[in-house]
Amino acid sequence: SVHYDAADATPLYIALAGDYLRKTGDTVFIRSLWPSLKRAADFCYSTDTDGDGLIENTHVGHGWQETGQLYGAHTEVYLAAVWAEALRQAEYIASALGFHQWEKRFGHDFMQVKRLINERFWNDSLQFFNHGIMSDGTFQQQKCVLGGTPVFFGLADGEKAIKTASNFCSRYYSTDWGVRMVGYDSPYYAIGGYYYGNVWPFHTGCAALAEYRAGLLSQGFRHAYGSLRLYNLWDYGHIAEVIQGDRLTFTGICPHQGWSTGTNLLPLYNGMLGIETDALKKRLTISPAFPADWNHANVRNITAANTRVHLNYRRSAESYTFILDKEEENGLQIDFSVRLPLATRIRKVELNGHPVKYAIKNELQCVRISVGELPRQKKVVLTVYTDGGISALLNLPPLKPDMPDDGLKIEAEHYDEANRTYTLQLAGKKGKEYDVELFLRSDVISAEGAVLKSQDGDHSVYTIKTDALSEEPYAGHTLKLRLK
């Protein structure tokens with residue numbers, strides 16, 4: 001049956017239209033939609049009955065929490081973030097169509113809502129976004145995966161984004177097949193519950209892109225890939241609606257839900273490949289962060305401003321090579337950077353066989369090498385010559401129906417350049433031994449909390465054992481490697 005009680009549907013329609021325009025530059029089609037988009041925006045504004053700038057769930061609908069302890073917010077942070085994204089895209093649309101009065105209003109309101117999300121919804125004690133504001137002005141202070149929506153849309157301030165997304169990497173949220181709706185430490189966690197005891201692959205995709213946005217590249221790929229592996233379990237080629245939170249068992253209504261599949265591709269497109277487009281300005285940004293153990297990749301049909309770009313990637317013992325081919329040269333500007341493993345040292349960078357200027361930035365889980373705008377020609381070859389580098393690999397067990405969630409968790413990954421120390425914060429079932437697979441090209445002076453089991457080229461395996469006396473079902477464990 002059809003129902004019309006989703007408060008997020010109307011602002012998501014506006015956001016989708018803006019995203020379509022950014023990718024295609026199709027102003028003719030978007031102009032034909034403008035009356036509909038304008039009515040959608042007017043409706044959203046009409047739901048702000050208390051004049052605080054935030055659209056409301058009250059008397060409108062839910063944000064996919066139809067029942068349960070977290071239902072009933074006047075405005076959920078999820079809905080506030082969707083509204084902010086709708087306003088940002090509406091501003092872009094109005095600018096493109098020449099409706100400058102509306103462009104100004106949407107832009108002003110976007111900045112106001114973004115500020116409210118970061119100030120009013122943020123909970124310093126939780127280091128997380130409050131789930132919602134109640135009608136009396138109090139807050140629902142519980143953590144929920146929906147609290148990552150401001151990070152998913154790139155709205156959260158830097159440190160708040162990292163703090164929020166780090167929750168999804170933790171043993172409380174992370175499973176071998178996705179991210180739980182609430183952590184198992186939540187008082188609302190209930191095995192078998194439609195919401196609070198389960199993994200929703202849709203929300204896993206959102207959490208994975210939030211992790212990428214926050215700079216948590218390893219965990220973002222791990223969760224997106226872990227969720228996409230579900231395609232062959234229940235309805236071949238599709239990903240199910242809901243899966244149990246502690247055991248790989250289908251518990252939902254629909255075994256082939258489109259948004260479960262589609263949303264888990266977004267972290268690969270916007271996160272792993274780092275693709276952003278502005279077709280109206282003929283501008284394409286690509287910033288690949290391929291998993292460290294991938295030797296090659298071929299990405300075809302990256303499209304912007306009616307131009308198709310193909311990216312070919314190759315990794316050798318001493319270099320990373322990126323080849324970009326345009327099907328035609330029509331003035332498309334490509335801004336290009338690459339994200340390589342932590343502790344990677346750059347020897348030189350060549351563009352089409354010649355030395356080129358570049359900038360290096362050590363980020364949370366990568367070394368970024370930026371070369372800026374690429375030459376506007378049909379084929380460009382960028383080669384980065386390197387030494388060293390270290391990264392956690394997937395470390396995910398094979399999926400088997402009804403298996404328990406007892407795989408290794410990668411909660412945090414960090415490299416201290418000053419002390420040349422690489423740290424992995426891990427978690428696993430208490431008293432259990434795990435093999436930790438690493439991409440490792442740097443020489444190791446010493447290891448703490450782990451024993452080297454094997455080494456084959458740049459693939460190393462260290463063995464750890466979690467604390468058998470832990471009071472929690474999943475025990476934390478720290479692995480440290482001092483690099484030469």
Side-chain angles (χ1 to χ4, degrees), residues 64 145 152 168-169 171 173-181 184 191-195 197-212 216-273 275 288-302 313 392-410 428-429 434-437 439 459 461:
W64 302 107
V145 72
F152 171 88
F168 309 140
C169 314
R171 69 198 82 169
Y173 280 86
S174 184
T175 74
D176 298 333
W177 49 84
V179 177
R180 296 182 178 97
M181 179 71 82
Y184 73 71
I191 296 299
Y194 184 60
Y195 295 108
N198 286 332
V199 169
W200 284 55
F202 166 72
H203 292 303
T204 294
C206 293
L209 183 53
E211 289 167 326
Y212 269 112
L216 305 174
L217 310 184
S218 293
Q219 291 92 338
F221 180 75
R222 197 170 190 263
H223 283 137
Y225 181 83
S227 188
L228 287 168
R229 294 190 301 164
L230 298 167
Y231 78 95
N232 65 348
L233 289 186
W234 295 291
D235 191 352
Y236 193 80
H238 301 91
I239 297 177
E241 176 196 21
V242 184
I243 302 158
Q244 194 165 306
D246 69 337
R247 187 169 292 277
L248 189 54
T249 302
F250 172 61
T251 61
I253 299 169
C254 178
H256 56 279
Q257 194 166 73
W259 72 348
S260 294
T261 306
T263 308
N264 280 282
L265 295 174
L266 284 178
L268 305 184
Y269 184 84
N270 293 118
M272 182 185 75
L273 296 175
I275 296 174
F290 292 113
D293 59 338
W294 284 17
N295 291 322
H296 56 86
N298 190 16
V299 184
R300 298 189 59 79
N301 299 318
I302 303 169
Y313 162 73
L393 299 182
L394 271 174
N395 292 283
L396 284 171
L399 294 183
K400 299 177 182 178
D402 204 41
M403 66 183 276
D405 174 44
D406 58 4
L408 185 71
K409 317 300 178 192
I410 300 177
K429 284 289 189 178
Y434 291 92
D435 287 341
V436 183
E437 296 184 75
F439 168 85
H459 180 265
V461 179

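Throughout, numbering of the chain's residues begins at 1 and tracks the sequence.
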*Assess whether side chain to side chain contact (heavy atoms under 4.5 Å, CB included) is satisfied between H296 and N298, documenting all intermediate values.*
CA-CA 7 Å; H296 56 86; N298 190 16; over 6 Å; no
*State, yes or no, whether a side-chain contact exists between L217 and Y212 at a heavy-atom distance under 4.5 Å.*
yes
*What's the shortest heavy-atom distance between V179 and A207, and which atoms?*
CG2-CB, 4.1 Å
*Check salt bridge (Lys or Arg N to Asp or Glu O under 4.0 Å) between R180 and all other residues, then give those that pass, not counting sequence neighbours.*
D405
*T263 side chain vs C206 backbone, donor-acceptor pair below 3.5 Å*: no
_Quiz question: by atom type and distance under 3.5 Å, do the side chains of S174 and H223 form a donor-acceptor pair?_
yes
*Quick one: closest heavy-atom pair of L268 and A224, and the distance?*
CD2-CB, 4.3 Å
_Below 30° counts as parallel, above 60° as perpendicular, anything between as tilted: where do the rings of F168 and Y173 land?_
perpendicular
_Tell me if a side-chain donor or acceptor on N264 pairs with a main-chain N or O of P201 at a distance below 3.5 Å._
yes
*What's the spacing between T261 OG1 and I239 CD1 if we round to 0.5 Å?*
4.5 Å
_Quick check for you: to the nearest 0.5 Å, what is the distance between K409 atom NZ and Y434 atom OH?_
7.0 Å
_If you compare all heavy atoms of Y184 against all heavy atoms of R171, which two are closest, and at what distance to 0.1 Å?_
CE2-O, 3.2 Å
*Side-chain donor/acceptor of R229 to backbone N/O of D176, under 3.5 Å*: yes
*Taking every non-hydrogen atom, the tightest pair across S218 and A392*: OG-O, 4.1 Å
*Can you find a pair of side-chain heavy atoms, one from H459 and one from F439, that are under 4.5 Å apart?*
no
*Measuring from L266:CG to L209:CG, what's the distance to the nearest 0.5 Å?*
6.5 Å
*Look up atom CG in D435 and atom CG in L408, then write down how far apart they are to the nearest 0.5 Å.*
9.5 Å
_Derivation and outcome, side chain to side chain contact (heavy atoms under 4.5 Å, CB included), residues W177 and L396_ = CA-CA 9 Å; W177 49 84; L396 284 171; over 6 Å; no
*Rounded distance (nearest 0.5 Å) linking atom CD1 of I243 with atom OG1 of T249*: 9.5 Å
*Parallel, tilted or perpendicular: which fits the ring planes of W259 and H203, with parallel below 30° and perpendicular above 60°?*
tilted
*Main-chain N/O of L248 paired to D402 side chain as donor or acceptor, under 3.5 Å*: no
*Atom CG of L233 and atom CG of D235: how far apart are they, to the nearest 0.5 Å?*
11.0 Å
*Taking the side chain as every heavy atom from C-beta outward, state whether V242 and I253 have any pair of such atoms under 4.5 Å apart.*
no
_Less than 4.5 Å apart, side chain to side chain, heavy atoms only: is that true for P255 and F250?_
yes
*Residue pair L393 / I410: nearest heavy atoms and the distance that separates them*: O-CD1, 3.6 Å
*For the student: nearest non-hydrogen atoms of E211 and C169, plus distance*: OE2-SG, 3.4 Å
*asked:* What verdict does the side chain to side chain contact (heavy atoms under 4.5 Å, CB included) test give for M181 and N198, after you've listed the backbone C-alpha separation in whole Å, the side-chain angles of each residue and the deciding distance to 0.1 Å?
replied: CA-CA 6 Å; M181 179 71 82; N198 286 332; 6.0 Å; no
